[in-house]
Each structure stands twice: as C-alpha cells, then as structure tokens.
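Here the structure comes first, spelled out in structure tokens, and everything after it is commentary.
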Amino acid sequence: MDQIRSKALGLVKALNGRLQTAIPRAAAAFNDITGYSQVEDRKTRVQQKNDALDQWRERLESAKKDYEQSIDDRRMVQRDINSLLQRKNEWVDSDLLRFTELYRKDITLEQKETAAKASYKQANDRFDRAHMDYLNEIRERYIDEQLYSDKIRRGSTYWTIGLISFHLIVFLGVNLRDPYKKRKELSTIVERVTAVIEEDRAKLRADLQLAASGAGGDGGGSGDAQTQGLLPTTPGAAPLPLSSSPPPPAGLWDNIDAAVDAKLLAGVGIGFSLSLVAFIVGSRM
C-alpha cells in the first residue's frame, strides 16, 4: 500500500512539474501567435523611456537651479561693483582692493554662469529628446495594442461565424432528417397495416370459400341456409331446392369481397387511425 501511495505521489509530482513547464511555454507560444508578446515588449520600452524622462527632468531642474544661482551671485557682485564705481572719487586703498576682488569674482561668476547656461541648455535638449522618445514609444504601444485587438476581434468573429454555421448545419440536418424519418416510419406503418389487411382478407375469403364448397357438397340445409343469405334473390321468385347445388351466380365473389372490405375496414380502420394519431403525438413530444 505504501509503495502504491509513493508511486502515485511521484507520478503526481512529475505531472505537476511537466505542467509547470508546459503551461508557460504554451502561453508564450500563444502570445507570440496573437502578438501580445510584442505588446509586452512595447510596455517595457515605454517604462524605460519614462524612467529616462524622469532622470532628465531631475537633471534639468538641477541645471536650472545652478544657472539661476549663478545669475543671482553675479548680479550681487555687479551691484557691489556699481556701488563702488558711483563713489570712485572717494576710494581708499581698501576700496581699490575690494574693487579688484569683486572684478575677479565677477569674471569667475561670468564663466560659471556661461557653463551653467550651457549645461542647462544641454539638459533641456536632452529632456526634450527623451520626452519625444517617450511619446513615440507610447504611440507605438498604442499601434501594437490596436493590432492585437484587431487580431483578437477578427479571431472572435471567425469563431462566432464558425459556431453559428455549425449550429445552423446541425439545425438543418435535424429538421431535414426528422420529416424524412417520420415519412419513412409512416410508410412502414401503412405497409404493415396494408399487409395485415390483405392477410385478413385472404383468410376470410378462404374461410368463405370453404364454407360455400362444403355446403354445396353435403346438400345440407344448414349450408344452403348460410350461402343463401349471400346469394342475390329477387322478390317473388321461388327458392331453389336445397338438395340441388347449382353453380354460384356471377358477381357472388364481388359481393363477398365488398363484404370483406367493409368488415375489415370497419375493424382495422379504427386501429390504424389510433396508431397514426399515437405516432404523430409521440413524434411531437
């Protein structure tokens, strides 16, 4: 029992491992066929472009702050230089030294401002480029998603048309087969009933022939009395003698056939009608 259990557990584990490797492969193959893998790759690219755009936005803000700070520093230095130049006639040695220091500082800040301006312009250009790349990737992603949606929609349309066609074929097959089957069954019933009627007619006719021949051979009054009822008589005519056996008149067997048809149709017609009604009701149910 333990061996069977261990074998079953090993089989389940092996099957589970195969399923875990087969399902992702099947999903990847299906995504490749439908084009969803391309959509996923495009999503990854869009996310990468978005991250690059965020990075360049941060660099642009940092370069802008450096450029604005360099402008403010140089503006303060130039203001101090202008204030010294306004009282140039009253300078002392310290003012001259300060003016020289401020002038050198102004030159340094000018270079710094120029570098910050170039860095800000470069960051702005790279940000615009990253923004354009991001928009292009979004547009390509939209196109890929539209193509994927069109494929899925087209496949769904073909599947729906195929399913409707299959149902239509089944419906037509059933509705064309049932009337043929009913007609065949009805013809079979009619043939069987007709065969039964012909068989009963033949039996009854044979019995009447035997009765008529037996009555004529024996010369008994009972036989003549039985057949005399079937023979045509005319009012006022003398009855035939019972001891004689004249040949049956013409038209006797026609009268017998008419009587047989009437009796058989009276008995069998009702049964045939009930069988036909039961067949129709059963087929509709």
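These numbers come from the heavy atoms of this one structure, side chains and all, not from hydrogens, waters or symmetry mates.
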Determine the minimum heavy-atom distance between D144 and R42, stating which atoms define it. OD2-NE, 3.0 Å
Under the side chain to side chain contact (heavy atoms under 4.5 Å, CB included) test, which residues partner E40, sequence neighbours left out? Y36, K43
Short N-O contact, E61 and R57, less than 4.0 angstrom: no
Verdict with reasoning, D73 to Q69, per side chain to side chain contact (heavy atoms under 4.5 Å, CB included): CA-CA 6 Å; D73 293 340; Q69 185 64 36; 3.1 Å; yes
Hey, what's the ring geometry for Y134 with H131, parallel, tilted or perpendicular (30° and 60° as the breaks)? tilted
For D66, is there an ion pair with K112 - N to carboxylate O distance below 4.0 angstrom? no
Is there a donor in the side chain of Q146 and an acceptor in the side chain of D150, or the other way round, less than 3.5 Å apart? no
Nearest 0.5 angstrom please: S83 OG to L102 CG, how far? 8.0 Å
Are L84 and V77 connected, step by step, through hydrophobic side chains (Ile, Leu, Val, Met, Phe, Trp, Tyr) whose heavy atoms are closer than 4.5 Å? yes
Testing the basics here: between Y120 and A63, what is the closest heavy-atom pair and its distance to 0.1 Å? CA-CB, 3.7 Å
Hydrophobic clusters here meaning ILVMFWY residues chained together by side-chain heavy-atom distances under 4.5 Å, can you tell me if I138 and Y148 are in one? no
Looking at E145 and R141, is any side-chain nitrogen of the basic one under 4.0 Å from a carboxylate oxygen of the acidic one? yes
Less than 4.0 angstrom from a charged side-chain N to a carboxylate O is my criterion; do R98 and E101 meet it? no
Distance in Å, N124 CG paired with R59 CZ, rounded so as to fall on 0.5 Å steps: 14.0 Å
Identify whether I71 and I81 are in the same connected component of the hydrophobic contact network (ILVMFWY, side-chain heavy atoms under 4.5 Å). no
Common cluster, I197/I189, ILVMFWY with side-chain heavy-atom separation under 4.5 Å: yes
Check ion pair D95-K88 (N to O, under 4.0 angstrom): no
So do H167 and F171 actually touch side chain to side chain, heavy atoms under 4.5 Å? no
Applying salt bridge (charged side-chain N to carboxylate O under 4.0 Å, His left out), can you list everything that pairs with E58, at least two apart in sequence or on another chain? none
To the nearest 0.5 Å, how far apart are CE in M132 and CG in D128? 9.0 Å
For R87, does the CZ atom sit with more than 12 other heavy atoms under 6.0 Å from it, leaving out its own atoms? yes
Side chain to side chain contact (heavy atoms under 4.5 Å, CB included) between W91 and L85, intermediate numbers included: CA-CA 9 Å; W91 279 5; L85 290 175; 4.3 Å; yes
Hey, could you give me the CZ/CG distance between R75 and D106, rounded to the nearest 0.5 Å? 12.5 Å
Roughly how far, to the nearest 0.5 Å, is CG of L53 from CZ of F127? 5.0 Å
Rounded to the nearest 0.5 Å, what separates atom CD in E137 from atom CD in Q47? 12.0 Å
With side-chain hydrogen bond (donor to acceptor under 3.5 Å, both in side chains) as the test, would you mind laying out the steps for Q78 and N82 before giving the verdict? CA-CA 6 Å; Q78 288 180 351; N82 291 330; 5.8 Å; no
Between S119 (side chain only) and A115 (backbone N and O only), is there a donor and an acceptor less than 3.5 Å apart? no
Is there a path of hydrophobic side-chain contacts, each under 4.5 Å between heavy atoms, that joins Y103 and L97? no
Do the side-chain N and O atoms of R139 and N136 include a donor-acceptor pair separated by under 3.5 angstrom? yes
